[in-house]
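A quick write-up on the structure given underneath.
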Amino acid sequence: MPMDSHFDRGAATTGLRWLGMMAYLVIFSYPLIQADRLYRDDIWRSFHGEMGWVSNGRPLSSLVTLLLNGNPRLADLTPLPLWLGLAAVAAAILLWRRRLLAFDTGHAWLAMLILVAQPFFLQNLSYHFDALPMALSLACAIAGIAWALDPRQHRHWQARFRWLAGGAGVLASLLFYQPAANVYFVLLAFHVALSISLRGRPDWSRHLGALTIGLMALVISKVVSAWLIDGDYSIKHSQLAPLDQLPGHLIDQTWKFWRYAATTLGTPTWWLVMALAAVTVMTLWIAAWRHRNLAGLAVMALVTISLPLGGLGFLSALSDPIWRPRVMMGFGAVYAGLLFCVLQWLGRSRWPLFNQSTIGWPLLVVALGTPLTLTYAYGNAQRQQALLADHVAMTLIDDLAVQPSAAPLLIDGTLPYARATRNAIAAYPMIAELIQPYLDNDYWWGYQELYRRGLSSGFEFSSNTALRTDFESRCGSLAPLVRRAWYTLYRFEGHYVVSLEPHCHRSLTTSELPIDD
């Protein structure tokens, strides 16, 4: 067969794989677009049209957004940034697939779609402005490990290319969004474990080289971030734990993460991950033990002990890491790696009841189908909450606009979830981690959303906790200015107080109707 024909067929097959992944990812991401709600930081960026990523140590996020907009002033381009980011992730997964062919030439590589279709990553994809940088950070981490483990040898320029390309990939990941680089190290750990199970030992040159350039990128990123990071919030969450406390701190943070995962992930997903972990550890150790290579077994033990750290990754070394789903991208790599290991084992199994046809394909369908139900439930719940929040915010702005004078504004209590949102949370606890009502006591984004919608800056944000406590003790004797279905507006001690609490807001609302949960 002519070489050109072989190349054309290979390119066509790769293109079809990419299109297949994109079809799944577009279906997966559609509910987030349909929800049409500005998400947290989106409120500020939509209001001011400014980026603000450089002060978070993320200069590449600002650069790529500048190039896409063609202007430093931000415009909301949704859903284009989201789909461009997912296209980059799909391309990176195809690069990583080449490194996995040594272990499985079938369809086990499709497990890598879990890197995107995992519950925690839904928060990353929920942003209008940040979805592209966060997806690119994941794509760079995947491409970085694929390049770092490129098997080409025997030529110095190729070795240098592997080092430079792999290092550039993981460094770019860190400068887009730091937590994504955990994916690089988790996928490396799985590649090492699979190599030991196949050959009895790691590929010392490639694996140590990939680990070295990953660690070098972390150091470079830390230096760059220390120079760029500004603001109390960013500085607070970027400081490392004291060295003498680090071992215990790592264990405590890791234990905390897995307890958090157990309570927030849906029951089917949690037990699927646990079952995959049990099967993976057993099969990898059985395969490694057969080789009787002591060095390989020692490395396998190290990998087995280290993999649970991958859920939070190197962020667990921070003295006060951010506990939000968006930083837990390493979990997706652990989940995807476990699924790949089981699928590749089933692909080689000759047992009639445990093989690719009987268990492998159904397992893949369940693993990739379950996230779709969560995503659609989340997207629709987000939409229902947005409709309620928009109505309440605009009504409140109208009520404040007719007051005789402006004064500091205090929110007392939390806007309830819409009934549909509460039902979704009851079915999928993870949704409670992703949807937070903006009108929520001192929650800064709640006030910014009101200002974005047109509230005068004369009603400045107040976080006077003492005044709130005093108000709650005396609200029963106060005459309200306005009473609405969802809130009651008072004038108290030179402030406007918006009460959402039943004690001070005595009004029957939909969320309080006597319907059993």
task: Could you walk me through whether Leu60 and Leu63 pass the side-chain contact (heavy atoms from CB on, under 4.5 Å) test, one step at a time?
output: CA-CA 5 Å; Leu60 289 187; Leu63 177 61; 4.1 Å; yes
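- Other residues, nucleotides and ligands contribute over 12 non-hydrogen atoms within 6.0 Å of the CH2 atom of Trp444.
- A donor atom on one side chain and an acceptor atom on the other are not found under 3.5 Å apart for Thr65 and Trp53.
- A donor-acceptor contact shorter than 3.5 Å is absent between the side chain of Ser316 and the backbone of Gln253.
- Ala241 and Leu246 get closest at one heavy-atom pair: CB-CD1, 4.2 Å.
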- prompt: Does the side-chain contact (heavy atoms from CB on, under 4.5 Å) test come out yes or no for Leu86 and Ser29, once each step is laid out?
  reply: CA-CA 9 Å; Leu86 293 177; Ser29 62; 3.7 Å; yes
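- The 12-atom threshold is exceeded at CZ of Arg348, counting heavy atoms of other residues, nucleotides or ligands nearer than 6.0 Å.
- Phe176 has its side chain within reach of Cys140: a pair of non-hydrogen atoms, C-beta onward, lies under 4.5 Å apart.
- Ring pair Trp361/His107 is tilted by interplanar angle, where 30° to 60° counts as tilted.
- Although no hydrogens or angles enter the test, the distance criterion places a donor-acceptor pair under 3.5 Å between the side chain of Tyr417 and the main chain of Ile435.
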query: After noting the C-alpha distance and the side-chain angles of Leu343 and Leu364, does the key distance pass the side-chain contact (heavy atoms from CB on, under 4.5 Å) rule?
result: CA-CA 8 Å; Leu343 289 174; Leu364 188 60; 3.8 Å; yes
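- Using a 4.5 Å heavy-atom cutoff, the side chains of Leu38 and His128 are in contact.
- Remark: side-chain polar atoms of Arg45 are paired, donor with acceptor, to backbone N or O of Met51 under 3.5 angstrom.
- Asn182 contributes a side-chain N or O that, together with a main-chain N or O of Leu312, makes up a donor-acceptor pair within less than 3.5 Å.
- With contacts defined as side-chain heavy-atom distances shorter than 4.5 Å, the pair Asp41/Trp445 qualifies.
- Between Val170 and Trp147, every side-chain heavy-atom pair lies at or beyond the 4.5 Å cut-off.
- For the pair Ser173 (side chain) and Ser137 (backbone), a donor-acceptor distance under 3.5 Å is present.
- In terms of modelled atom types and a separation under 3.5 Å, the side chain of Trp258 and the main chain of Pro308 share a donor-acceptor contact.
- You'll find the side chain of Val64 reaches within 4.5 Å of the side chain of Leu136, heavy atoms only.
- Side chains of Leu346 and Thr358 form no contact here, defined as non-hydrogen atoms less than 4.5 Å apart.
- Although no hydrogens or angles enter the test, the distance criterion places a donor-acceptor pair under 3.5 Å between the side chain of Ser319 and the main chain of Gln239.
- When the shell of 6.0 Å around OH of Tyr443 is examined, it contains more than 12 heavy atoms from other residues, nucleotides or ligands.
- Residue pairs meeting the salt bridge (charged side-chain N to carboxylate O under 4.0 Å, His left out) criterion with at least one member in residues 124-137, sequence neighbours excluded, are Arg58-Asp130.
- Ring-plane geometry between His191 and His207 is classed as perpendicular, the angle between the planes exceeding 60 degrees on a 0 to 90 degree scale with a lower cut at 30.
- Across every non-hydrogen atom of Pro119 and Met430, the tightest pair is CB-CG, 4.0 Å.
- Using a 3.5 Å distance cut-off with no hydrogens or angles, the side chains of Tyr39 and Gln123 do pair a donor with an acceptor.
- Between the side chain of His249 and the backbone N or O of Ala317 there is no donor-acceptor pair closer than 3.5 Å.
- Taking both residues in full, the closest heavy atoms of Met22 and Trp83 are given as CE-O, 4.0 Å, listed atom of the first, atom of the second, then distance.
- A donor atom on one side chain and an acceptor atom on the other are found under 3.5 Å apart for Tyr260 and Glu433.
- With a 6.0 Å radius and a threshold of 12 heavy atoms from other residues, nucleotides or ligands, Leu67 has its CG atom above the threshold.
- Between the Ser221 side chain and the Ala217 main chain, no donor and acceptor come within less than 3.5 Å of each other.
- Between Ala111 and Ala336, the closest heavy-atom pair is O-CB, 3.6 Å.
- Judged purely by atom type and a 3.5 angstrom limit, Thr105 has no side-chain atom pairing as donor or acceptor with the backbone of Leu101.
- Closest non-hydrogen pair, Tyr184 versus Gly166, comes out as CE1-O, 4.4 Å.
- Contact of the Met112 side chain with the Arg97 side chain is not registered, since no non-hydrogen atoms from C-beta on lie closer than 4.5 Å.
- Side-chain contact between Pro321 and Val327 is absent, with no heavy atoms from C-beta onward closer than 4.5 Å.
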Worked verdict on Leu265 versus Tyr335 for side-chain contact (heavy atoms from CB on, under 4.5 Å): CA-CA 12 Å; Leu265 295 175; Tyr335 186 5; over 6 Å; no
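- Of the residues listed (Ile114, Val186, Leu309, Val183), the one engaging Val334 in a side-chain contact (heavy atoms from CB on, under 4.5 Å) is Val186, and it is the only one.
- The nearest pair of heavy atoms linking Leu149 to Ala210 is CD2-CB, 3.8 Å.
- Listed by first and then second residue, the salt bridge (charged side-chain N to carboxylate O under 4.0 Å, His left out) pairs involving residues 267-280 amount to none (not counting sequence neighbours).
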